[in-house]
*Asks:* 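The following block contains the structure, expressed as C-alpha cells.
Keep in mind the model is a prediction, meaning the values are calculated, not measured. Numbering of ligands and ligand atoms starts at 1, following listing order.
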Amino acid sequence: MGQYRAVRGMVDVLPDETPLWQMLEQTARDVIGAHGYSEIRTPLVERTELFARSIGEVTDIVEKEMYSFADRNDEGLSLRPEGTASTVRAMVQHNLIQSAQRVWYMGPMFRYERPQKGRQRQFHQLGVEAFGVPTPDQDAELLLLCRQWWKRLGIDDVVTLELNTIGSAESRHAYKGALTAYLRQHVESLDEDSQRRLETNPLRILDSKSAATQNVVTGAPAMAAFLDDESKAHHDQLCELLGQAGLSFVANPNLVRGLDYYNKTVFEWTTDRLGAQATVCGGGRYDGMVGQFGGNATPAAGFAAGLERLIMLLQTLEADATEPPDLYVISADSNALSRAMLEADRIRTEFPGLRVVQHLGGGSLKSQFKRADKSGASWAMVYGPDELAQGTVTVKPLRTNEEQTSLGRGALNDFLHRLERLASDIEE
Ligand code: HAM
C-alpha cells in the first residue's frame, strides 16, 4: 500500500514550524488590536458569483484559479480565494457598515495556481479592512500599521513599499482606451498571455513579467496623464502623510494589482529575499464594493499579507521562536512517577508561566536524561527513591554549570518563582 500524501499545493505546517507561525500571528494580533480593529471570521465557502463580481470575471483568479463546485442542491459555490469579498458580504449582511468600522481576519485561502516556492494552492492571509473613511489618512494608517508589524517582526529593513494610484473607474476607463489603442499597434511583440489580456484586461499587461512586453510597456501612455483631479489630490495627500511619518516608498506607475475592485490607492510590500514570489502583502482602496454588494455606498480600504511568504522571510533571517520547556520531570520508578505527576500538575497550576514536560513511558534514568536534554529543557526535576523518602526533589541544570540541588517544598517554590520570573523576562 502506498502512503497518502497531501494534495498538491496544500502544505502541512509541521510542529517545528508552528512556533514561528504563532509568533507571526501573535504580533499581528497585538499590532492590529493596538489600532482598534476587531476580528471577523467568515465561512471558507461563498457563492461563486460573489467573487466573480467583485474580483472580476476576467481576472486570473476568477478565470483560472477558483476551486468551484456545485453542492448537492446545485448551488454554485467556491472556496474563498481571498478575504475582502467575504468580509464585505458579511459586513453588509449584518448591517455593520454604518460608521467607521475596522476589521481584520486570518485564515486559509484557496487558489488553483501552479505551486512553487512561495506559491501554494492553500495559503494563509492576514487581512485588514477599514470601512467608511474616504480620505487618505485611512490609506496612510493602513500602511503605518503594516510598518509597525514589520518592525515587530524585525523585517522592516528587508521590505519595500511600492505605491501607485489607479484613479477612478471613469479615469481608468479612459486610460484603458488609450492603452489598448497603443498596445494594438505592438501586438506582435507582446507575450501570449498579454495578447489575450489585450481584449479582456489590458491594465494587467502593465505589470507583465515578460521582458518583451515590458519593452512595449515602456513606451505606453502613462496612467498618470488620465487621472481625475480628486484621485490626484488624494494621492498627493497620501504621499505627504507618508513623508511626514517617515515612511518611504517607491512610486510604481505600473502597479495595478490582480483584482479588479480597486480604485485610487494601490500598494504592495515586496522583498528581494524570496525570489519570484516577492510580494508579501498587497492592498488598496475599493470604494465601490460595498455599494456593489447592496450596502449604502461606503468607501473602504484594506490589505492582506501572505503568511507563508512572511514565514519564509523570517526563516531567511534565521528568526527562531521555539520555546523549549523550563522543566523536564523525570522519575526513577512507578512510585516516584505518581508523585512526579502530581507535582507537575501542581506546578502547572501554581506557576502558569512555566512550561513543564513530564517524561512518560518509563525507561532508565539515563535514557530519561537523554530525552530531557533533547527536549531543550533548562532544568531536569528528578524524583527517585531518596527524594521520595525525604519529601524532596532534585533539580539539575541542563544548560549551565550550576550545581544540582535537592529542595524541600519551600525551597522548591522559591526556585520555581525565580524560574517563572526569568521565563517571563525572556519572553518580553
Ligand atoms: P492579493 O494580492 O491577491 O490580495 O493577495 C495578498 C497576498 O497574499 C499576496 O501579496 C501574497 O503575499 C499572498 N498570496 C496570494 N496568493 C498566494 C499563493 N497562491 N500562495 C501564497 N501566497 C499567496 C488580496 O487577496 C486582497 N484581498 C488584498 C486586499 C485586502 N485588498 C484590500 N483588502
*Asks:* Sort out the contact shell of ligand 1: every protein residue with a heavy-atom distance below 4.0 Å, listed by chain and number.
*Replies:*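 E82, T84, R111, E113, G118, R119, Q120, F123, Q125, E129, R257, L259, Y261, Y262, T279, V280, C281, G282, G283, Y286, G302, F303, A304, G306, R309.
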
*Asks:* State whether a side-chain donor-acceptor pair under 3.5 Å links T87 with E129.
*Replies:*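 No pair is found: no donor N or O on one side chain lies under 3.5 Å from an acceptor on the other.
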
*Asks:* Going by atom types only, do T84 and Y261 share a side-chain donor-acceptor pair under 3.5 Å?
*Replies:*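 Short answer, yes.
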
*Asks:* Going by the rule salt bridge (charged side-chain N to carboxylate O under 4.0 Å, His left out), which residues pair with E63 if we only count those two or more places apart in sequence or in a different chain?
*Replies:*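 Only R196 meet the salt bridge (charged side-chain N to carboxylate O under 4.0 Å, His left out) criterion with E63.
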
*Asks:* Checking Q93 now: which residues fulfil side-chain contact (heavy atoms from CB on, under 4.5 Å) with it, not counting sequence neighbours?
*Replies:*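 Per chain and number, Q93 pairs via side-chain contact (heavy atoms from CB on, under 4.5 Å) with R89.
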
*Asks:* Between I205 and T213, which heavy-atom pair has the shortest distance, and what is it?
*Replies:*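 The pair with the smallest heavy-atom distance is CG2-CG2, 3.6 Å.
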
*Asks:* Enumerate the side chain to side chain donor-acceptor pair (under 3.5 Å) contacts for residues 142-157, please, sequence neighbours excluded, ordered by first and then second residue.
*Replies:*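 Found T27-W149.
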
